[in-house]
Amino acid sequence: MSSRRVDDLVARDRASIAEAQKIRFFPFAPVAADGAHVIDADGRRLLDFTAGWAVANTGYGNARVRAAILAEVERGSYAGVVSAAIEPPIVLAERLLELTALRRPSKVWFGHSGSDANEALARLVRRATGRSRIITFNGAYHGSTDGSAALSGHTAQARWAASDHAARLPFPDAYRAPGENAAAEEASILELLERRLGFDWPPSDTAALLVEPIQSDGGILAPSPAFLRGLERICRDHDILLAVDEVKVGLGRTGEWFGWQESGIEPDLVVLGKALGAGLPLSAIVGPSEILDVEPSIALFTTAGNPIACAAALGGLDAIEHERLVTNAALVGAKLAAKLRRMAAGRALTGDVRGRGLVLGVELVRDLATKEPADRETAKVCYRAAQLGLAVFYVGMRSNVLEITPPLCLTVAEAEEGVEILGQAIDDVTAGRVPDGALDGFAGW
Ligand SMILES: *Cc1c(COP(=O)(O)O)cnc(C)c1O
């Protein structure tokens with residue numbers, strides 16, 4: 001599929017960049033991008049249903065983001081917030097406090113990645129409450145540092161993640177719920193939580209519960225609003241902090257500013273990352289002052305709150321607001337989901353289409369009745385889709401869920417084009433047109 005320049009970059013990347021930080025799905029060497037498209041080294045345009053793992057919410061090359069970054073570079077600015085009061089992070093913090101509108105007087109902590117933010121969150125809530133346990137979920141992905149991996153419950157990390165003070169609950173999966181009764185599964189998980197709090201997870205030693213409003217790397221699992229409200233009620237009853245990890249789904253992707261808003265819950269702490277820096281590395285915790293102020297200098301990074309990254313974030317928030325990207329995510333997302341369902345209905349490999357806004361999942365199975373995960377086929381679909389002009393990755397505890405997270409500026413025509421290609425890729429894989437050997441070095445995770 002690829003001609004010389006992509007092949008050349010892929011070979012040099014193989015020789016020089018650590019495998020430890022790669023998940024590769026197909027020979028991919030983007031050199032430029034605009035809107036919802038990336039252009040590879042051979043000049044091919046690919047429609048991007050990944051947004052670079054949900055980073056490019058504003059679309060690539062956004063004029064507001066670019067102008068904000070250039071202005072900050074021109075001004076020349078100081079490293080970060082550790083030892084100075086500088087304007088871009090202050091303005092961004094004020095903006096995030098306004099957007100999240102948390103119920104208690106709050107502040108903002110800045111980091112570089114979702115991982116460092118979740119790790120800092122764990123340290124801060126333990127220190128502030130004097131309690132050690134944090135309740136998380138199977139299938140959760142909270143990051144790749146030791147502290148954040150310990151909070152996670154993803155199969156991809158099972159081989160090495162240390163399980164620190166995290167206590168895990170099952171996460172609802174409506175497609176695979178026992179007896180196909182999603183509501184009953186959710187109720188039983190809430191019951192289990194109550195039981196454990198009354199037994200071996202005493203609230204007196206439980207600091208917080210950390211949840212993704214839509215579990216994304218776990219396989220695009222969106223629990224019902226009632227489930228999130230149930231978690232909130234139990235947290236309130238037992239005086240446990242409720243923290244939401246919005247690193248992937250926050251900032252407009254669900255069709256609302258934040259993923260928790262659909263359920264009407266009021267979290268105590270919010271973690272942001274990925275799209276926050278609009279392409280530059282930036283993460284944040286928004287949470288109660290009494291927690292984020294618990295002790296000076298116990299969770300700091302030299303370049304955190306970097307003014308160029310914060311300027312990019314402000315440009316990104318402006319773009320999301322003025323270009324009506326939250327509404328677009330809701331409208332185009334609904335149309336995209338409907339098109340995906342129509343595409344899936346006629347095919348034997350497509351077991352389920354789920355999610356909301358522009359965070360959608362398509363689960364592939366070998367048998368619609370047994371739901372046997374079609375993991376190899378899923379990897380081949382990603383490989384084939386790229387050959388046909390669509391970039392899409394997969395996620396899931398069984399490596400069989402296509403993750404559809406395009407830039408929020410996606411148009412209806414682009415949504416149509418993407419679904420068309422996906423349908424073709426699935427048909428090509430079903431017909432055996434993608435050889436096993438194609439996945440050499442591109443088998444994903
Ligand atoms: C990606 C992700 C993280 C980790 O973010 P990094 O920037 O990779 O450190 C944490 N939580 C969720 C929900 C994520 O999707």
Side-chain angles (χ1 to χ4, degrees), residues 18 20-23 50-57 109-123 134-157 160-161 164 166 168 171 208-223 228 242-254 258-260 267 269-287 299 301 303-304 306 309 312-313 316 355-361 393-397 401-406 444-445:
Q21 61 184 163
K22 291 179 186 166
I23 308 173
T50 78
W53 289 110
V55 166
N57 276 20
W109 173 99
F110 286 117
H112 303 101
S113 74
S115 304
D116 65 21
N118 280 315
E119 181 160 335
L121 176 130
R123 186 181 305 162
I134 295 180
I135 297 170
T136 67
F137 291 88
N138 293 333
Y141 187 88
H142 296 300
S144 186
T145 59
D146 278 2
S148 58
L151 299 169
S152 304
H154 200 282
T155 36
Q157 298 172 315
W160 56 270
D164 212 16
R168 285 186 199 83
F171 198 75
L209 180 143
L210 174 63
V211 63
E212 294 165 82
I214 295 178
Q215 206 175 70
S216 27
D217 289 318
I220 315 293
L221 301 175
L228 293 177
L242 176 61
V244 290
D245 182 342
E246 292 267 345
V247 170
K248 191 175 264 175
V249 303
L251 302 176
R253 182 158 292 285
T254 59
F258 300 103
W260 83 74
L269 295 120
V270 179
V271 182
L272 299 170
K274 291 198 167 90
L276 177 62
L280 297 188
L282 186 66
S283 63
I285 307 170
V286 189
F301 299 112
T303 57
N306 172 272
R356 64 178 189 274
L358 285 174
V359 49
L360 300 169
F393 299 156
Y394 71 80
V395 294
M397 294 283 276
V401 181
L402 299 167
E403 180 181 77
I404 297 172
T405 52
W445 58 323

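Counting starts at 1 for both ligands and their atoms, in listed order.
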A.B. asks: Would you mind reporting whether Leu209 and Phe137 have side-chain heavy atoms less than 4.5 Å apart?
C.D. replies: yes
A.B. asks: For Thr303 and His112, which I'm curious about, is there any donor-acceptor pair between the side chains at under 3.5 Å?
C.D. replies: yes
A.B. asks: Run through all N or O atoms in ligand 1 and write down each protein N or O closer than 3.5 Å, as a pair with its distance.
C.D. replies:
unit_1: ligand 1; atom_1: 5 (O); unit_2: Gly114; atom_2: N; d: 3.3
unit_1: ligand 1; atom_1: 7 (O); unit_2: Gly114; atom_2: N; d: 3.0
unit_1: ligand 1; atom_1: 9 (O); unit_2: Ser113; atom_2: OG; d: 3.2
unit_1: ligand 1; atom_1: 9 (O); unit_2: Gly114; atom_2: N; d: 3.3
unit_1: ligand 1; atom_1: 9 (O); unit_2: Ser115; atom_2: N; d: 2.8
unit_1: ligand 1; atom_1: 9 (O); unit_2: Ser115; atom_2: OG; d: 2.5
unit_1: ligand 1; atom_1: 11 (N); unit_2: Tyr141; atom_2: O; d: 3.1
unit_1: ligand 1; atom_1: 11 (N); unit_2: Asp245; atom_2: OD1; d: 3.4
unit_1: ligand 1; atom_1: 11 (N); unit_2: Asp245; atom_2: OD2; d: 2.7
unit_1: ligand 1; atom_1: 15 (O); unit_2: Lys274; atom_2: NZ; d: 2.6

A.B. asks: Has the side chain of Arg168 got a donor or acceptor atom that lies under 3.5 Å from a matching backbone atom of Asn138?
C.D. replies: no
A.B. asks: Please tell me if the side chains of Leu358 and Thr405 come closer than 4.5 Å, counting only heavy atoms from C-beta onward.
C.D. replies: no
A.B. asks: Grab the two heavy atoms, one from Gln157 and one from Ser144, that are nearest each other, plus how far apart they are.
C.D. replies: NE2-CA, 4.3 Å
A.B. asks: Using a 3.5 Å distance criterion without hydrogens, assess whether the side chain of Asn57 forms a donor-acceptor pair with backbone atoms of Leu251.
C.D. replies: yes
